[in-house]
Amino acid sequence: MELSIRNQLPGTVTEVTPGEVMATVKVRLAGGRQITSAITLEAVQELDITAGTAVRTLVKSTEVSLATGPVQGLSIRNRLPGTVTGLVTGTAMAAVSVGVEGGELTAAITMDAVTDLRLTVGTAVTALIKATEVSLATV
């Protein structure tokens with residue numbers, strides 16, 4: 001199956017914490033970083049996701065935010081440090097490629113944000129992704 005979701009990072013499930021309706025799933029990415037996904041308990045069961053399961057983490061580029069300074073006081077679980085490796089700008093929006101350990105992410109952000117953050121190739125950033133925006137696919 002081919003997907004339009006650009007951000008697909010491979011990893012291995014390290015922990016599943018089931019709740020009544022949702023579960024949190026911790027995944028160790030190929031580069032060693034951890035990412036947390038919050039998905040339905042039904043999806044965990046249907047995909048047979050357990051510790052040791054090989055998965056791909058899937059995140060739409062519109063769900064990736066970027067920070068250039070220290071990140072504190074946020075509920076966002078996933079904070080992946082990286083470096084801007086590419087920047088495609090338009091009139092209103094930009095696609096920012098960010099190299100992270102084990103792969104690359106694309107963030108779709110406004111041109112105002114690009115300007116305010118002074119983003120250029122080589123800028124150090126932290127990619128921020130809410131756990132509820134991380135989908136999982138079994139490999």
**Prompt:** Once you round to the nearest 0.5 Å, how far does CG of Asn78 lie from OG1 of Thr126?
**Reply:** 12.0 Å

**Prompt:** Do you know which two heavy atoms are closest between Ala23 and Pro18, and how far apart they sit?
**Reply:** CB-CA, 3.9 Å

**Asked** What is the minimum heavy-atom distance between Gly102 and Leu9, and which atoms define it?
**Response** O-CD2, 4.2 Å

**Asked** Counting only heavy atoms not in Glu42, do more than 12 fall under 6.0 Å of its CD?
**Response** no

**Prompt:** Got a sec, which hydrophobics cluster with Met93, joining ILVMFWY side chains under 4.5 Å apart, including via others?
**Reply:** none

**Asked** Measuring from Leu3:CG to Lys60:NZ, what's the distance to the nearest 0.5 Å?
**Response** 12.0 Å

**Message:** Looking at every non-hydrogen atom in both residues, tell me the closest pair between Leu41 and Gly19 and how far apart they are.
**Reply:** CD2-O, 3.3 Å

**Request:** Treating Ile, Leu, Val, Met, Phe, Trp and Tyr as nodes and any side-chain heavy-atom pair under 4.5 angstrom as an edge, say whether Ile109 and Leu87 lie in one connected cluster.
**Result:** yes

**Prompt:** Do Leu29 and Val59 sit in the same hydrophobic cluster, where Ile, Leu, Val, Met, Phe, Trp and Tyr count as joined when their side-chain heavy atoms come under 4.5 Å apart?
**Reply:** yes

**Complete:** What one should report as the nearest heavy-atom pair of Arg79 and Leu74 is NH2-O, 2.7 Å

**Fill in**
Applied to residues 4-20, the side-chain hydrogen bond (donor to acceptor under 3.5 Å, both in side chains) test, sequence neighbours excluded, yields Glu15-Thr17

**Prompt:** Could you walk me through whether Thr110 and Thr115 pass the side chain to side chain contact (heavy atoms under 4.5 Å, CB included) check?
**Reply:** CA-CA 9 Å; Thr110 65; Thr115 301; over 6 Å; no

**Prompt:** Applying the 4.5 Å side-chain criterion to the ILVMFWY set and letting contacts propagate, would Val27 and Leu58 be lumped into a single cluster?
**Reply:** no

**Message:** Donor-acceptor check, side chain of Arg77 to backbone of Ser75, threshold 3.5 angstrom: yes or no?
**Reply:** yes

**Message:** Could you go through Thr85 and Glu104, starting from their C-alpha distance and side-chain angles, then the distance that decides it, and tell me whether this counts as side chain to side chain contact (heavy atoms under 4.5 Å, CB included)?
**Reply:** CA-CA 9 Å; Thr85 57; Glu104 186 169 87; 2.9 Å; yes

**Asked** Same cluster or not: are Leu47 and Val134 linked, directly or through other Ile, Leu, Val, Met, Phe, Trp or Tyr residues, by side-chain heavy atoms under 4.5 angstrom apart?
**Response** yes

**Message:** Are the side chains of Val44 and Leu136 in contact, using a 4.5 Å heavy-atom criterion?
**Reply:** no

**Asked** Of Thr36, Ile39, Thr50, which is the lone residue that meets side-chain contact (heavy atoms from CB on, under 4.5 Å) with Val25?
**Response** Ile39

**Student check: side-chain heavy atoms of Thr53 and Asp48 closer than 4.5 Å** = no

**Asked** Are Leu117 and Ile129 connected, step by step, through hydrophobic side chains (Ile, Leu, Val, Met, Phe, Trp, Tyr) whose heavy atoms are closer than 4.5 Å?
**Response** yes

**Prompt:** Could you state the interatomic distance from CZ (Arg33) to CD (Glu101), rounded to the nearest 0.5 Å?
**Reply:** 5.0 Å

**Message:** So Thr120 and Val84, do their side chains get closer than 4.5 Å, heavy atoms only?
**Reply:** no

**Request:** State, yes or no, whether a side-chain contact exists between Met111 and Thr91 at a heavy-atom distance under 4.5 Å.
**Result:** no

**Fill in**
Nearest heavy-atom contact between Val114 and Ala94 is CG2-CB, 3.6 Å

